[in-house]
Amino acid sequence: MSVQSHAVTELRRDPTPESLAARLRDAFASEPDLATQVHHAQTSVELHLEGQTRTVTLLLDRRVPAVSLDEPGEVTLRLDRAATRAYADGMLALPAALHRGQVTADGPVRKLLEVDPIVRRLVRNVAGSDGTERPSAAPARDGVPHALDPELLAIETRDLHRAFGANQVLQGLDVTIPEGVISVVLGPSGTGKSVLLQHIIGLLRPDAGDVLIRGRPLSRMSRAEILGLRSEIGVMFQDGALFSGMNVYDNVAFPLRQHTDLDDAEVREVVEGHLDSVGLLSAATRMPGELSGGMRKRAGLARALAMNPRIVLCDEPDSGLDPVRTALLGDLLVEQHARHGGTMVIVTHNVLLARLIADHVSVVWRGKVLESGFADEVFASQTPFIRQFLAGDSAGPLGMDV
Ligand SMILES: Nc1ncnc2c1ncn2[C@@H]1O[C@H](COP(=O)(O)OP(=O)(O)OP(=O)(O)O)[C@@H](O)[C@H]1O
């Protein structure tokens with residue numbers, strides 16, 4: 001058994017933070033490749049490389065009752081290059097990982113590393129002990145840089161085609177949305193972003209191609225399975241899509257009453273929690289017609305989150321909002337993602353919002369993904385169209401026609 005898995009086994013068994021720290025200290029101290037600094041009881045691993053540091057917090061399995069997470073043990077481990085590489089190669093498997101305060105990945109740490117843009121970049125830059133460079137993520141596919149491990153995709157579309165009469169809207173669209181991060185699907189108006197979103201939730205069927213949700217192709221699902229899938233996906237529609245005859249509380253409670261067996265008290269606890277977190281608890285009894293545009297969106301977000309879905313899709317969440325309210329909504333989306341984890345997909349043409357919130361970006365133009373990758377890669381793109389679009393320039397390949 002490797003020293004790492006030995007330590008994890010002990011972590012699983014041991015109930016107290018102090019003894020967890022002591023056992024980790026012992027286990028890792030004997031590992032020659034590991035520059036270990038165990039400060040005190042803590043469960044975070046610090047990846048440090050050339051001045052850049054990222055702390056990954058490793059969470060003890062919540063299902064192990066002996067481990068109290070109210071007082072988690074804390075052990076900080078400083079990893080040298082070889083150890084960082086071992087992490088990247090998936091040699092260290094842990095029960096779960098915390099990111100931004102939420103569990104974002106179960107299983108091998110490699111999964112967390114691949115979806116976390118900063119850690120991923122750190123790891124990609126790690127040279128092997130033999131001086132060879134570690135391959136920088138998976139090889140490029142179809143011109144999309146750094147194609148992601150298919151096992152780590154929340155959503156994937158393959159060669160998606162869809163026309164409305166003579167209007168060929170989706171023209172072989174391949175989008176890859178990694179799990180666990182905020183992805184922005186960015187592109188000019190009328191380019192097919194909302195049509196894409198409707199395909200993802202199975203409201204529209206493609207003429208050709210397929211949509212895969214966490215590896216499952218929609219084309220092979222029955223109507224009932226697609227309906228079931230919708231409870232795993234929360235959708236925040238452009239205008240909030242609230243039921244006009246119900247107050248805010250009942251709107252948010254609606255999916256819980258439809259799809260769960262929760263009693264009234266349990267529904268109340270969930271709904272009030274979500275309303276509180278979007279700042280609408282005091283507006284719970286108001287009708288949608290009595291809300292401002294921003295409030296309607298926040299109510300729509302609370303409803304999208306009500307079932308605690310693993311994927312949340314937001315269609316143009318900024319539409320109709322002024323720049324300040326757009327920024328505030330952006331902060332709220334980041335905050336909610338940190339709180340709930342999972343995958344968040346934002347469809348928008350708003351470059352400022354994308355810059356504010358995106359971990360990952362797919363740029364769509366004329367029904368295809370033009371470029372896709374982690375946000376700083378895409379924002380540094382030299383592709384003329386993307387440079388023009390990001391700069392909001394009138395000169396360039398993008399004209400009045402989509
Ligand atoms: N149900 C429909 N019937 C016919 N045409 C449609 C339908 N839905 C969308 N379209 C057309 O598909 C094209 C793309 O629309 P879509 O709403 O996906 O664009 P978008 O990229 O989301 O733009 P925006 O940023 O302005 O919302 C448009 O030409 C639109 O008219």
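Numbers here simply count residues along the sequence, with the first being 1. Each ligand, and each atom within it, is numbered from 1 in the order the structure gives.
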Check for me whether Arg162 meets the cation-pi criterion with Phe164, that is, NZ or CZ under 6.0 Å from the six-membered ring centre and within 45 degrees of the ring axis. yes
Heavy-atom pair of closest approach, residues Leu353 and Thr326: CD1-O, 3.9 Å
Atoms of ligand 1 under 4.0 Å from any heavy atom of Pro188, numbered from 1 in the order shown, are 21 (O)
Applying a heavy-atom cut-off of 4.0 Å, say which part of Leu196 lies close to ligand 1: side chain, backbone, both or neither. neither
Smallest separation among heavy atoms of Ala380 and Gln382, with atom names: O-NE2, 3.2 Å
Within the supplied structure, the quantity of interest is the number of heavy atoms (other residues, nucleotides, ligands) at a distance under 6.0 Å from Arg325 CZ; does it exceed 12? no
What protein heavy atom sits nearest atom 26 (O) of ligand 1, and how far off is it? Ser189 CB, 3.3 Å
Looking only at heavy atoms, the pair that brings Leu242 and Arg303 closest together is CA-NH1, 3.9 Å
Judging by distance only, is a nitrogen or oxygen of Gln238 under 3.5 angstrom from one on ligand 1? no
What I want to know is whether Gly192 and ligand 1 share at least one N or O pair that is separated by under 3.5 angstrom. yes
So for ligand 1, is Gly187 a polar contact partner (N or O within less than 3.5 Å, distance only)? no
Is the terminal nitrogen or CZ of Arg268 (NZ for Lys, CZ for Arg) located under 6.0 angstrom from the six-membered ring centre of Tyr249 and within 45° of that ring's axis? yes
shortest atom 18 (O) of ligand 1-to-protein heavy-atom contact is with Val195 N, 3.0 Å
Can you tell me if Ser319 has a non-hydrogen atom under 4.0 Å from ligand 1? no
Can a side-chain donor-acceptor contact be found between Lys193 and Thr348 if the only test is distance below 3.5 angstrom? no
What's the shortest distance from atom 17 (O) of ligand 1 to any protein heavy atom, and which residue and atom give it? Ser194 CB, 3.5 Å
Side-chain donor-acceptor pair present, Glu156, Thr176, cut-off under 3.5 Å: no
Does Gly190 reach ligand 1 with a nitrogen or oxygen that is under 3.5 Å from one of the ligand's nitrogen or oxygen atoms? yes
Is a side-chain N or O of Glu266 found less than 3.5 angstrom from the main chain of Asp263, in a donor-acceptor match? yes
Identify, by atom number and element, the atoms of ligand 1 in contact range of Val169, meaning under 4.0 Å from any of its heavy atoms. 12 (O), 13 (C), 14 (C)
For His349, atoms of ligand 1 separated by under 4.0 Å from a heavy atom: 25 (O)
For atom 1 (N) of ligand 1, what's the nearest protein heavy-atom neighbour? Residue, atom name and distance, please. Phe164 CE2, 3.7 Å
As a test of the contact definition, would atom 30 (C) of ligand 1 count as having a protein heavy-atom neighbour under 4.0 Å? no
Among side-chain atoms of Ser194 and Glu316, is any donor-acceptor pair under 3.5 angstrom? no
Can you list the atoms of ligand 1 that are under 4.0 Å from a heavy atom of Glu316? 24 (P), 25 (O), 27 (O)
Using a 4.0 Å cutoff against the non-hydrogen atoms of Thr191, which atoms of ligand 1 qualify? 19 (O), 20 (P), 21 (O)
